[in-house]
Novice: 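If you scroll down you'll find the structure; I have some questions about it.
Note that ligands are numbered from 1 as they come in the structure, with each ligand's atoms numbered from 1 the same way. Along the sequence shown, residues are numbered consecutively beginning with 1. Just the heavy atoms: all of them, side chains too, but no hydrogens, waters or symmetry mates, feed the values below. Just so you know, these numbers come straight off a predicted model, no measurement behind them.
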Amino acid sequence: MRKKYIVGIAAVAAAAALTLSGCSTGRTTSGSSDSSSTTIKKGDLIGVALPAKTSQNWVLAGQDFKDSIEKAGFKADIQYADNSSPVPSQQAEINSMLTKGAKVVIIGAADGSQLTTQVATAKKDGAIVIAWDRNILNTKNVDYYVAFNNFHVGELQAQALLDGLKKEKGSGPYNVELFAGSPDDANAPLFFNGAMSVLKPKIADGTIKVVSGQTTFNNASTQGWLAQNAQKRMTDLITGYYAKGTKLDGVLSPNDTLARAILQATKSAGLPNPVVTGQDSETDSIPLIMNGTQYSTIYKDTTLEAQAAVDLVTTLSKGEKPKTVDNDKNNDNGKIIVKSIELSPVLVTKDNAVEAYKNNPDLEKLATANQ
Ligand code: BGC
């Protein structure tokens, strides 16, 4: 059983993890009076629409939601988007949840810009819309957003890259390549922009050299977050820029799945192990972190994140006003600043893994066993 006891302390931990920051775009905030008229009671149906299982966090999320929704006394309808046609399948799943009478739809968007019609229908039906982990874009029909601070994830990744380079590759300058997530995921530019806010000054002062010159999100992105796309791009970059003995010191990778694909490409090309970042604390990456192959990951506790969304539903069902924050970097969906519950990501390297995973017996065991 995964860390059941964490659920009990989730509300406290989620509250402790809330961070406040300014709002500067001048957009209005969500969660206005239209949704406060919705009454939710025990036994009501809560729909959870998740994207395809492109990484382990999404696989874990389904069971976490089922457990926490049922424990809170509601009925759960958990659906995943199809791998082959994620957008239309997710749209259909949300429509079907609404037809079944869902009072709340919690959505981890397959493509955050393709749900305008579905969330408009949800609001028309009087349901509450919660964007989960990824924001839903360009619509005013999102009531809340529950997620980790994704811009900060990027900042932590870039800082880890700089620290790892200093530790493992001498004094620099360093040759680095940059990878980003999928363009249809609203989080992907946040991760990349967060990282670039740290790396740009280092590129400008010559500490970091992106040998390929590919420094924009469009250059760096990885369609569908697919490992094979990252592995192919890394292989092409090696052939194009590192074949004649130019050393590759580090790679900014936005998550663990892509980190392993990038490491596979450098290994196949016979290059020395570069410093590679990651995210998600996937069980396949933790041994690689402990043995020094992958430099870092990020811990975003999925159980805690699902529980934060269910706690929000419980609060609303009591007719209480949830504590939310506005943060324009993460929560501006292009139309409104979505009221959010924001959790804090944790940077993990070999040095702090056992400590960082101490609330999660499975991950802690994995880190300890590979020490
Ligand atoms: C999630 C990441 C995940 C990625 C790929 C993002 O939206 O926040 O944790 O690695 O999707 O599935």
Side-chain angles (χ1 to χ4, degrees), residues 17 48-62 64-65 80-83 86-87 90 106-115 130-137 145-157 160 179-195 217 220-231 252-262 276-286 289 294 296-306 308-309 329-331 333 338 340-348 360 363:
V48 181
L50 296 168
K53 297 174 181 174
T54 46
S55 51
Q56 196 176 27
N57 57 317
W58 299 113
V59 179
L60 297 173
D64 282 341
F65 269 116
Y80 281 95
D82 277 359
N83 240 331
V87 172
Q90 184 167 63
I106 299 173
I107 303 171
D111 180 337
S113 65
Q114 302 286 328
L115 293 173
I130 301 175
W132 189 75
D133 194 80
R134 300 172 170 176
N135 213 340
I136 298 170
L137 303 178
Y145 175 44
V146 177
F148 284 86
N149 182 331
N150 291 309
F151 189 88
H152 189 46
V153 167
E155 292 175 315
L156 291 174
Q157 290 171 329
F179 281 69
S182 188
D184 52 14
D185 175 359
N187 284 350
L190 288 170
F191 299 147
F192 191 74
N193 293 339
F217 176 77
S221 65
T222 309
Q223 191 60 47
W225 286 99
L226 290 175
Q228 68 258 34
N229 292 343
Q231 187 167 342
L252 175 79
S253 166
N255 80 357
D256 289 349
T257 305
L258 304 193
R260 294 193 301 276
I262 289 161
V276 180
T277 61
Q279 168 176 205
D280 292 336
S281 294
E282 293 197 344
T283 46
D284 285 348
S285 276
I286 291 170
I289 287 165
Q294 182 181 325
S296 66
T297 185
I298 302 279
Y299 184 34
K300 302 190 305 184
D301 186 332
T302 306
T303 308
L304 201 67
E305 194 183 5
K329 284 203 194 91
N330 286 298
N331 311 340
N333 82 346
V338 185
S340 84
I341 289 179
E342 191 175 276
L343 304 162
S344 296
V346 177
L347 176 69
V348 181
N360 184 324
L363 296 186

Novice: In sequence, state the C-alpha distance, the side-chain angles, and the governing distance for Trp225 and Asp185, and then conclude on side chain to side chain donor-acceptor pair (under 3.5 Å).
Specialist: CA-CA 9 Å; Trp225 286 99; Asp185 175 359; 2.9 Å; yes

Novice: Give the residue and atom name of whichever protein heavy atom lies nearest to atom 6 (C) of ligand 1, and the separation in Å to one decimal.
Specialist: Asp185 OD2, 3.2 Å

Novice: Among all protein heavy atoms in this structure, tell me which lies nearest to atom 11 (O) of ligand 1, with the distance rounded to 0.1 Å.
Specialist: Arg134 NH2, 2.9 Å

Novice: Just which atoms of ligand 1 are under 4.0 Å from any heavy atom in Phe191?
Specialist: 8 (O)

Novice: Side chain, backbone, both or neither: which part of Trp132 has a heavy atom under 4.0 Å from ligand 1?
Specialist: neither

Novice: With sequence neighbours excluded, what pairs up with Phe148 under the ring-ring contact (aromatic ring centres under 6.0 Å, His included) test?
Specialist: none

Novice: Under 3.5 Å, is there a donor-acceptor pair between the Gln294 and Asp256 side chains?
Specialist: yes

Novice: How far apart are the closest heavy atoms of Val146 and Glu305, and which atoms are they?
Specialist: CG1-O, 3.8 Å

Novice: With a cutoff of 4.0 Å, is Phe148 in contact with ligand 1, counting heavy atoms of the residue only?
Specialist: no

Novice: Look at atom 10 (O) of ligand 1 and say which protein heavy atom is nearest, naming residue and atom and giving the distance to 0.1 Å.
Specialist: Asp280 OD2, 2.5 Å

Novice: Side-chain contact test, heavy atoms from C-beta onward, threshold under 4.5 Å: evaluate it for Leu347 versus Ser296 and give yes or no.
Specialist: yes

Novice: Using side-chain heavy atoms (C-beta onward) and a distance below 4.5 Å, is Trp132 in contact with Leu50?
Specialist: yes

Novice: Name the closest protein heavy atom to atom 12 (O) of ligand 1, giving the residue it belongs to and the distance to 0.1 Å.
Specialist: Ser55 OG, 2.6 Å

Novice: What protein heavy atom lies closest to atom 1 (C) of ligand 1? Include the residue and the distance to one decimal.
Specialist: Asp133 OD2, 3.3 Å

Novice: Is any side-chain heavy atom of Pro345 closer than 4.5 Å to a side-chain heavy atom of His152?
Specialist: yes

Novice: Please indicate whether any nitrogen or oxygen in Asn150 is less than 3.5 Å from any nitrogen or oxygen in ligand 1.
Specialist: no

Novice: In terms of atom number and element, which parts of ligand 1 are under 4.0 angstrom from non-hydrogen atoms of Asn57?
Specialist: 1 (C), 2 (C), 3 (C), 9 (O)

Novice: Do Asp64 and Thr303 have side-chain N/O donor and acceptor atoms under 3.5 Å apart?
Specialist: yes

Novice: Below 4.0 angstrom from a heavy atom of Lys300, which ligand 1 atoms are there? Numbered from 1 as shown, please.
Specialist: 1 (C), 2 (C), 8 (O), 9 (O)

